[in-house]
Number of protein chains: 2
Amino acid sequence: MHQPDHLKTVGLKSTLPRLKVLSLFEASKQRHLSAEEVYKLLLTSGDDVGLATIYRVLTQFEQAGLLMRHHFEGGKSVFELNQGEHHDHIVCMQCGHVEEFYDATIEARQKIAATDRGFTIHDHSLYIYADCNKPKCPNKIQS
Amino acid sequence: MHQPDHLKTVGLKSTLPRLKVLSLFEASKQRHLSAEEVYKLLLTSGDDVGLATIYRVLTQFEQAGLLMRHHFEGGKSVFELNQGEHHDHIVCMQCGHVEEFYDATIEARQKIAATDRGFTIHDHSLYIYADCNKPKCPNKIQS
DNA sequence: TTGCAAATAAGAATGATTATCATTTGTGAC
DNA sequence: GTCACAAATGATAATCATTCTTATTTGCAA
């Protein structure tokens with residue numbers, strides 16, 4: 001997936017903390033992680049990286065295009081691997097479960113809405129907040 | 001627009017600070033205001049209300065359905081009068097100008113996207129970040 | 001190897017927002 | 001209209017996510 005020195009190709013020294021954060025995203029079962037979650041997961045696996053470094057690295061990865069940042073409700077940023085294809089998100093308000101979707105019609109209508117008003121789109125964010133209704137949904141917002 | 005005791009009808013005592021905040025939203029040229037902006041505008045007009053009260057009142061108004069809260073990029077909440085009709089937002093990344101739009105197709109496709117996956121929609125937020133390309137656009141993000 | 005710019009870690013600082021608590025103020029009962 | 005008291009306010013401390021500072025460490029090119 002990533003060559004060991006993939007970081008170099010995006011202009012970043014391949015340091016230990018950066019490699020750990022990147023592998024975490026590649027290995028994690030959970031696709032969407034906050035800085036705090038990355039910090040705690042690394043601590044748990046014995047790799048303790050400073051929280052400030054996590055924030056710095058996540059921001060650098062975002063700028064390098066390796067990660068994408070999202071602002072779900074709750075006031076904290078979450079990150080996911082950028083694997084090219086754009087998509088939007090449905091977030092379960094009960095258990096925090098996130099599902100991704102892509103709808104070409106929605107994308108097209110957005111472009112029309114913007115250009116009709118003379119705007120040039122840079123980016124957009126669409127979050128649907130819902131109940132996932134899954135039997136396993138613990139009905140409790142994950143911290 | 002609002003009777004003087006409109007606040008009572010939503011279960012809130014009609015106090016001076018609350019009346020001032022409400023009139024500000026009804027009178028303001030700018031439809032979307034942050035807590036800090038409300039605070040400063042009231043200060044300017046001689047009505048000084050504590051910042052903590054502003055935050056409290058804005059949250060109460062949101063819960064009462066008088067205001068709607070939005071999270072544009074930039075980490076602060078902005079509020080606008082809730083006048084019933086749902087709409088989404090295009091935000092100019094240069095000057096902060098906000099334009100509203102409603103697209104029935106987008107709304108419908110969102111509902112489909114969610115129900116197809118077994119979700120029950122509570123709410124959604126769609127923000128388009130763009131350049132407004134207006135001649136008067138000062139090309140600078142407003143604080 | 002060695003040297004040094006770049007990166008890290010720890011903790012201080014920041015900005016938005018919320019909590020605390022003593023004081024003030026609507027409001028319903030008289 | 002006046003009173004009494006619960007509810008609301010204001011000042012300030014506290015909190016939470018995030019960024020900055022600075023001394024120390026580390027990747028990497030010569």
Side-chain angles (χ1 to χ4, degrees), chain A residues 3-24 32-43 46-64 66-67 69-79 96 141-143, chain B residues 3-24 32-43 46-64 66-67 69-79 96 141-143:
Chain A
Q3 309 91 60
D5 56 355
H6 180 221
L7 287 175
K8 293 236 195 75
T9 72
V10 295
L12 294 170
K13 270 198 215 173
S14 72
T15 66
L16 238 45
R18 296 214 259 241
L19 289 170
K20 286 174 186 166
V21 171
L22 193 49
S23 337
L24 178 60
H32 302 83
L33 297 170
S34 68
E36 193 69 28
E37 285 168 335
V38 169
Y39 178 66
K40 284 183 181 151
L41 284 172
L42 286 182
L43 264 192
D47 306 304
D48 53 340
V49 179
L51 184 54
T53 302
I54 305 280
Y55 275 103
R56 220 178 312 126
V57 167
L58 289 175
T59 300
Q60 290 163 341
F61 282 4
E62 183 200 5
Q63 286 166 351
L66 295 177
L67 294 179
R69 180 196 300 258
H70 297 289
H71 304 278
F72 299 156
E73 290 204 344
K76 56 178 67 172
S77 296
V78 300
F79 298 83
I141 306 255
Q142 67 179 173
S143 66
Chain B
Q3 310 92 59
D5 56 356
H6 181 222
L7 286 176
K8 292 237 195 73
T9 74
V10 295
L12 293 171
K13 269 199 215 172
S14 72
T15 66
L16 238 45
R18 297 212 257 242
L19 289 170
K20 285 174 187 168
V21 171
L22 194 49
S23 337
L24 179 59
H32 301 83
L33 297 171
S34 67
E36 192 69 30
E37 285 169 335
V38 169
Y39 178 67
K40 284 183 182 153
L41 284 172
L42 287 182
L43 265 191
D47 306 303
D48 52 340
V49 178
L51 184 54
T53 302
I54 304 280
Y55 275 103
R56 227 176 308 140
V57 167
L58 289 175
T59 300
Q60 291 163 340
F61 282 5
E62 183 200 5
Q63 286 165 350
L66 295 177
L67 295 179
R69 180 196 298 260
H70 297 288
H71 304 276
F72 299 156
E73 291 203 344
K76 57 179 67 173
S77 296
V78 300
F79 297 83
I141 307 258
Q142 66 179 174
S143 66

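Reminder, nothing fancy here: chain letters follow the sequence lines and each chain counts from 1.
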Note the angle between the end axes of the helix from C/dT1-D/dA30 to C/dC30-D/dG1, five pairs defining each, rounded to 10 degrees. 30°
At 4.0 Å (heavy atoms only), tell me whether A/T53 reaches a base, stays on the sugar-phosphate, or touches nothing. base
Send over the distance from [X] [atom1] to [N] [atom2], rounded to a whole Å.
X     : N      : atom1 : atom2 : answer
B/K8  : D/dA8  : NZ    : P     : 13 Å
A/R18 : D/dT26 : CZ    : C1'   : 11 Å
A/I54 : D/dA17 : CD1   : P     : 15 Å
A/Q60 : D/dG27 : CD    : C1'   : 14 Å
B/L7  : D/dT9  : CG    : P     : 10 Å
B/L16 : D/dG10 : CG    : C1'   : 14 Å

Who pairs with B/F72 by side chain to side chain contact (heavy atoms under 4.5 Å, CB included), at least two apart in sequence or on another chain? B/H32, B/H70, B/V78, B/H89, B/V91, B/V98, B/Y127
Residues passing the side chain to side chain contact (heavy atoms under 4.5 Å, CB included) test with A/L58, sequence neighbours excluded, are A/V21, A/F25, A/A35, A/I54, A/L67, A/F79
Go through DNA chain C in 5' to 3' direction and return only the first and the last nucleotide with some atom under 4.0 Å of chain A's heavy atoms. C/dA6 to C/dG11
With heavy-atom distances below 4.5 Å as the criterion, would you say the side chains of B/L7 and B/L66 are in contact? yes
Which atom names give the shortest non-hydrogen contact between B/T9 and B/H6, and what distance separates them? OG1-O, 2.6 Å
Which heavy atom of B/S14 sits nearest to which heavy atom of B/L19, and what is that distance? O-CD1, 4.2 Å
Contact nearer the 5' end of DNA chain C, comparing B/T15 with B/G74: B/G74
Rounded to the nearest 0.5 Å, what's the gap from [atom1] on [X] to [atom2] on [Y]? Could you check?
X     : Y     : atom1 : atom2 : answer
A/L42 : A/K20 : CG    : NZ    : 7.5 Å
A/L41 : A/L43 : CG    : CG    : 9.5 Å
B/L22 : B/F61 : CG    : CZ    : 5.0 Å
B/L51 : B/T53 : CG    : OG1   : 8.5 Å

Could you list all N or O pairs between the protein and nucleotides 18-22 of chain D that sit under 3.5 Å apart?
from, atom 1, to, atom 2, distance (Å)
D/dT18, OP1, A/S77, N, 2.8
D/dT18, OP1, A/S77, OG, 3.3
D/dT18, OP2, A/Y55, OH, 2.7

DNA chain D: B/D48 or B/K13, which has the more 5' nearest nucleotide? B/K13
Judged by atom type as modelled, is there a donor-acceptor pair below 3.5 Å linking the side chain of A/R18 to the main-chain atoms of A/K13? yes
Got a sec, which residues hit side chain to side chain donor-acceptor pair (under 3.5 Å) with A/D48, two or more places apart in sequence or on another chain? none
